[in-house]
Each structure stands twice: as structure tokens, then as C-alpha cells.
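What follows is a single structure, written as C-alpha cells, with notes after it.
Values reported hereafter were calculated over all heavy atoms of this structure, with side chains retained and with hydrogens, waters and symmetry mates removed. Every value quoted in this text rests on a predicted model; they were computed, and no experiment measured them. Here is how names work: the chains are called A, B, and so on, in the same order as the sequence lines, proteins then strands, and each is numbered from 1.
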2 protein chains.
Amino acid sequence: MHIENVGEKLSSNMEDYLEAIALIEKDKGVARVKDISRLMKVKTPSVTSALNVLVDKGLVEHERYGYAELTKDGKRIAQDVLKRHKMLTKFLSSILKIDPQVAAGDACKMEHALSPETYKKLSTFVEFVETGSEVDRPLWLKGFDHYLKTGKRVQCKNKQALKKVKSRK
Amino acid sequence: MHIENVGEKLSSNMEDYLEAIALIEKDKGVARVKDISRLMKVKTPSVTSALNVLVDKGLVEHERYGYAELTKDGKRIAQDVLKRHKMLTKFLSSILKIDPQVAAGDACKMEHALSPETYKKLSTFVEFVETGSEVDRPLWLKGFDHYLKTGKRVQCKNKQALKKVKSRK
DNA sequence: TGAATATGTTAGTGTTATCTAACAAAGAAA
DNA sequence: TTTCTTTGTTAGATAACACTAACATATTCA
């Protein structure tokens with residue numbers, strides 16, 4: 001009798017395989033060893049052995065020489081990783097203005113390093129910035145953009161606030 | 001003749017060892033195998049073998065049964081890692097208000113995942129927030145803090161801006 | 001249908017990093 | 001100085017991943 005190797009925490013590597021399979025499934029319906037291999041930039045034997053592990057853990061279904069498909073559990077984990085990935089990408093590219101290619105690469109590495117707490121707070125931050133009204137959002141984000149480019153802050157035009165600051169010293 | 005194994009890019013793991021040695025050196029002057037083992041939460045044979053690698057790469061000096069010391073190159077790399085670590089910790093704890101313990105842990109994992117570009121932009125962001133005048137910094141950061149706690153934005157008091165927004169729809 | 005091509009798997013290796021158990025050296029205390 | 005304790009090293013096992021080379025199955029198309 002065969003007992004499945006479920007439960008034990010997944011390595012970042014295996015998370016990456018799940019993520020890749022999810023992306024390919026979304027794109028093409030089913031994932032084949034070669035697709036995964038291409039996306040992950042590894043050779044096919046590495047994929048085969050990763051699939052064996054994932055099948056053992058009950059996260060993927062895979063018939064010899066056939067397609068790979070995420071199980072319900074596999075999908076759940078993959079969606080979770082993807083969620084972190086997307087949030088990080090958004091943070092890096094739309095707030096920090098990092099080159100999309102670089103942002104994607106960094107997100108890929110960071111998505112495994114985030115604690116739930118950090119994930120939550122960072123998401124909230126992104127949401128705070130993105131959903132802000134036209135009033136306040138671009139106000140300080142544009143200030144940051146300017147600071148990024150020039151290293152200088154935009155002039156403060158609020159007289160009252162200026163006075164407050166000056167009177168401090 | 002022995003050719004040193006320099007140049008090749010360092011694994012995150014080895015970066016962590018360098019970082020640990022730097023911290024211990026700063027604290028106690030010299031680093032001993034046991035100190036490193038304690039800080040890295042590994043057994044001493046792991047430290048011995050890591051030191052061998054680092055000595056090979058010319059990043060650490062180490063005599064059998066003696067102290068470990070960073071070389072000039074080792075120091076340079078360790079400082080670099082530490083710089084990333086500190087910046088990340090500051091971002092996580094003072095901007096996102098993440099629990100210091102968690103922030104430290106996440107910083108430790110993320111510090112190896114940052115591209116130079118992301119490092120630069122994120123540093124600039126932290127600097128932008130930290131060095132902002134009393135006028136603008138806490139203004140929106142406090143807004144975020146409030147949003148974190150309540151999920152609601154603070155009321156907009158700028159009539160002109162409000163009008164602008166309303167007239168849009 | 002039956003080669004030729006494309007795709008997938010197995011077997012065996014190498015690398016990195018961890019561990020335990022056994023041994024060796026240094027330092028402290030008697 | 002000799003023993004005890006602490007610390008460090010070596011040897012050898014294990015685990016996760018990647019690779020190449022060789023083999024097996026599917027698919028295509030002539």
C-alpha cells in the first residue's frame with residue numbers, strides 16, 4: 001500500500017513548478033513536460049523528477065508520457081504563489097518603477113521569502129497606493145518619482161506647513 | 001600549486017556565513033566556529049566546511065582550530081549584504097510596521113533576492129520617506145498607518161482637490 | 001504501415017548543504 | 001603535568017536539485 005507524502009511544507013523549488021504548471025494550464029489548457037522545462041529553464045529530466053515529487057504529495061496528476069494537471073490542492077498553492085508574485089510585481093514596477101523584466105525576476109525570487117504578515121502589509125500598501133483618490137495618490141507618488149529622477153524633493157508650496165517647519169529650528 | 005577558487009558568484013548560503021562572521025567580528029572582535037554555528041543555527045561541522053569554501057575563495061582566513069577572519073574581499077561582500085539587510089529591515093519595520101522579529105527574518109531571506117536595481121530604488125524609497133520634511137512625510141505615511149488599522153482612508157480636507165475629483169465624473 | 005522526429009523517462013553523476021558519530025586539539029583545573 | 005571539558009575537524013550518510021547519455025514511447029507523415 002502506498003501512502004502519499006502530503007502535508008510536509010513545500011520547497012520554493014516545488015512552488016515554482018506548481019506556479020509554472022498553473023501558468024501553462026491557463027495559457028494552453030494542459031501542461032506538458034516540455035512546456036514546463038522551457039518555462040523553468042531546466043532540462044526535461046528535472047521536470048520528470050519534480051513531477052514525481054508533486055504527484056507523491058498529491059498536488060499534481062500525471063500519467064507516464066502524458067499531461068500534467070494540478071489537483072485541487074495543487075491549484076490552491078499555485079494560486080497562492082501567483083498572488084504573491086503579482087502583488088510583488090505590481091509593487092516593484094508601478095511603485096518603485098523598476099524595469100518590468102527585472103521586476104518579474106525579483107518577484108520570482110522574493111515570492112518565496114515573504115511571511116504571511118509581510119505579504120498582508122505589503123498588499124495593503126499597494127492597495128493603498130493604487131486605489132487612492134486622484135487627490136492624494138499621485139501627490140506623493142509623483143513626489144517620489146521626481147525624487148527618483150533628480151534626487152531632489154519637489155518644492156513645498158504649502159505656506160502654513162512651511163511656516164510650521166521653519167519655526168521649529 | 002594551488003589556485004584559489006575566486007571570482008565565481010557566491011551562493012546565498014555563503015553570503016549568510018560572511019554576514020554572520022561580520023556581525024560576530026563587530027561584536028567580539030573575532031569569530032569562532034561555535035559562535036557562527038550558534039548564530040546560523042547549524043552544527044559545527046557545517047561551519048567548518050563552509051569556512052573551507054570561503055577560505056578557498058579568498059574571503060576568509062582561518063587556521064585549524066583557530067579564529068575565522070574576513071579578508072578585505074570578504075569584508076566588502078559582507079558589508080554589502082548587511083547594507084541590503086538593514087535597508088530591508090528598515091523598510092519592513094518602519095514603513096510597513098511589520099513586527100521586528102518577522103521583519104528581520106524576512107529581510108534575511110529577501111536580502112539575497114534583490115537585484116541591484118531593486119536595491120537602489122527601494123533604498124531611495126526608504127530614504128525618501130525617512131528624510132522627508134515634517135510636512136509631507138508623516139502626512140501620507142500616517143494616512144497609510146490609519147488605512148492599515150482601519151481599512152479606511154482619512155478624510156480628504158483639501159477642498160480644491162476634492163472639487164477637481166468630483167468634477168471628473 | 002512503418003520509418004523519422006519529437007517528446008518523455010531512467011540511470012547514473014555532480015554540487016551544495018545539511019547531519020551524526022568518532023576523533024583531535026586546546027584550554028582550564030586539579 | 002596530567003586529566004577533564006570544550007571546541008573543532010574528519011569521515012561518511014542523506015537530501016534536494018540539476019545535468020548528460022542512453023533508452024522508450026508517441027506522433028507525424030510519406
Side-chain angles (χ1 to χ4, degrees), chain A residues 4-21 24-25 27-57 59-69 77 81 108-109 111-113, chain B residues 3-21 24-25 27-69 77 81 108-109 111-113:
Chain A
E4 282 179 348
N5 192 9
V6 294
E8 294 159 29
K9 177 170 62 192
L10 223 51
S11 70
S12 333
N13 208 350
M14 290 301 142
E15 283 189 356
D16 278 334
Y17 277 104
L18 290 180
E19 191 184 2
I21 295 168
I24 295 164
E25 279 187 356
D27 185 40
K28 305 187 159 190
V30 284
R32 316 182 58 212
V33 168
K34 226 207 165 182
D35 300 324
I36 302 171
S37 137
R38 221 190 345 254
L39 189 55
M40 300 270 301
K41 292 180 183 144
V42 297
K43 305 296 179 187
T44 60
S46 308
V47 175
T48 301
S49 80
L51 287 180
N52 289 335
V53 173
L54 293 171
V55 166
D56 255 23
K57 289 186 187 287
L59 302 173
V60 162
E61 275 172 40
H62 180 227
E63 268 177 286
R64 276 179 63 112
Y65 298 102
Y67 300 127
E69 269 183 292
I77 297 177
V81 178
C108 241
K109 287 175 283 168
E111 72 198 11
H112 308 291
Chain B
I3 292 177
E4 281 180 349
N5 194 9
V6 293
E8 294 159 29
K9 169 171 65 189
L10 222 51
S11 69
S12 333
N13 207 353
M14 290 301 141
E15 283 188 355
D16 279 334
Y17 277 104
L18 290 180
E19 193 185 0
I21 295 167
I24 295 164
E25 279 186 357
D27 185 39
K28 305 188 159 191
V30 284
R32 316 185 57 212
V33 169
K34 226 207 165 182
D35 300 325
I36 303 170
S37 138
R38 219 189 348 251
L39 190 55
M40 301 268 302
K41 295 182 180 140
V42 296
K43 305 295 178 188
T44 59
S46 307
V47 176
T48 301
S49 82
L51 288 180
N52 289 336
V53 173
L54 293 171
V55 167
D56 255 24
K57 290 186 186 288
L59 302 173
V60 163
E61 277 171 37
H62 180 228
E63 269 176 286
R64 282 185 95 211
Y65 297 100
Y67 300 128
E69 267 184 292
I77 297 176
V81 178
C108 240
K109 287 175 283 169
E111 72 198 13
H112 308 291

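For the pair A/Ser46 and D/dC19, the criterion of a side-chain N or O lying under 4.0 Å from OP1 or OP2 is met. Applying the 4.0 Å criterion to OP1 and OP2 of D/dT7, one finds that B/Lys34 has a side-chain N or O inside that range. Under 4.0 angstrom from either OP1 or OP2 of C/dT9 there lies no side-chain N or O belonging to A/Asn52. Considering only side-chain N and O atoms, A/Tyr17 lies under 4.0 angstrom from the phosphate OP1 or OP2 of D/dA18. For the pair B/Arg64 and D/dG8, the criterion of a side-chain N or O lying under 4.0 Å from OP1 or OP2 is not met.
The side chain of A/Val42 lies closest to D/dA18, out of D/dC17, D/dG8, D/dA18.
Nucleotide D/dA21 holds its P atom 11 Å from the NZ atom of A/Lys43, rounded to whole Å. As a whole-Å value, the separation of A/Ile36 CD1 from D/dA18 P is 12 Å. As rounded to whole Å, 14 Å separates atom P of C/dT15 from atom CG of B/Asp56. D/dT7 atom P lies 12 Å from atom OH of B/Tyr67, rounded to whole Å. A straight line from CG of B/Leu54 to P of C/dA17 spans 9 Å, rounded to a whole angstrom. What separates OH of B/Tyr65 from P of C/dA25 is a distance of 5 Å, to the nearest Å. Taking atom CG of residue A/Asp16 and atom C1' of nucleotide D/dA16, one finds them 14 Å apart after rounding to whole Å. For A/Asp35 and C/dA6, the CG to P distance is 16 Å, given to the nearest whole Å.
Of all heavy-atom pairs between A/Val42 and A/Tyr17, the closest is CG2-OH, 3.6 Å. Among all heavy-atom pairs drawn from B/Glu69 and B/Glu25, the shortest one is CA-OE2, 3.1 Å.
The residue A/Met40 sits apart from the nucleic acid: no heavy atom pair falls under 4.0 Å. If you check every strand for non-hydrogen atoms under 4.0 Å, A/Ser49 touches nothing.
Annotation: side chain of A/Ile24 is not in contact with side chain of A/Tyr67 (no heavy-atom distance under 4.5 Å).
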